[in-house]
Amino acid sequence: MAALGTPLRTLRALLRELRHAAGRHYRDSPAYRHVLAAFRAHRVTSEKLCRAQQELHFQAATYLCLLRSVREHEALHREYHGKGERSPEEVAGLVGFRLPQQPGGKG
């Protein structure tokens, strides 16, 4: 995983990934409410400096990495997953070959 960056950037990226995962009504999801509540509870204020903010930031960045990886894995799986048994003509076409013609007009 790369450098953490700022907590705000991590929060925005995390919410963006939640929007991709949950769809249009992502703000109604429990994950959205939990992430916002955790970031609000662990922010640095003028009265106290919370030691757990760095830990929360690291956990959020790790969760963000997980969400991105799952989304990219699903996209790759949809694109390259096998579609069952293929005919020899289809396989030859996939690799850029043509099957020879049979004498007598067959094939």
Hydrophobic cluster (4.5 angstrom, side-chain heavy atoms) - remaining members for Val95: Phe97

side-chain hydrogen bond (donor to acceptor under 3.5 Å, both in side chains) partners of Arg12, counting only residues at least two apart: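 Residues passing side-chain hydrogen bond (donor to acceptor under 3.5 Å, both in side chains) with Arg12: none at all.
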
Which distance, rounded to the nearest 0.5 Å, do you find between the [atom1] of [X] and the [atom2] of [Y]?
X	Y	atom1	atom2	value
Gln59	Thr10	CD	OG1	12.5 Å
Leu18	Arg33	CG	CZ	12.0 Å
Arg27	Arg19	CZ	CZ	8.5 Å
Leu14	Cys65	CG	SG	11.5 Å
Leu67	Glu72	CG	CD	11.0 Å
Arg68	His20	CZ	NE2	9.0 Å

Greater than 12 external heavy atoms within 6.0 Å of Glu85's CD: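 No, because the 6.0 Å sphere around CD of Glu85 holds 12 heavy atoms or fewer from other groups.
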
More than 12 heavy atoms from other groups under 6.0 Å of OH on Tyr26: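 Enclosed: over 12 neighbouring heavy atoms sit under 6.0 Å from OH of Tyr26.
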
Nearest atoms (heavy-atom pairs only) where Leu56 meets Ala38: CD2-O, 3.4 Å

Closest approach of Arg86 to Val91 (non-hydrogen atoms, all atoms of both residues):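 Reported closest heavy-atom pair: CB-CG2, 3.9 Å.
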
Of Leu36, Asp28, Val35, the residue whose pairing with Tyr32 passes side chain to side chain contact (heavy atoms under 4.5 Å, CB included): Leu36

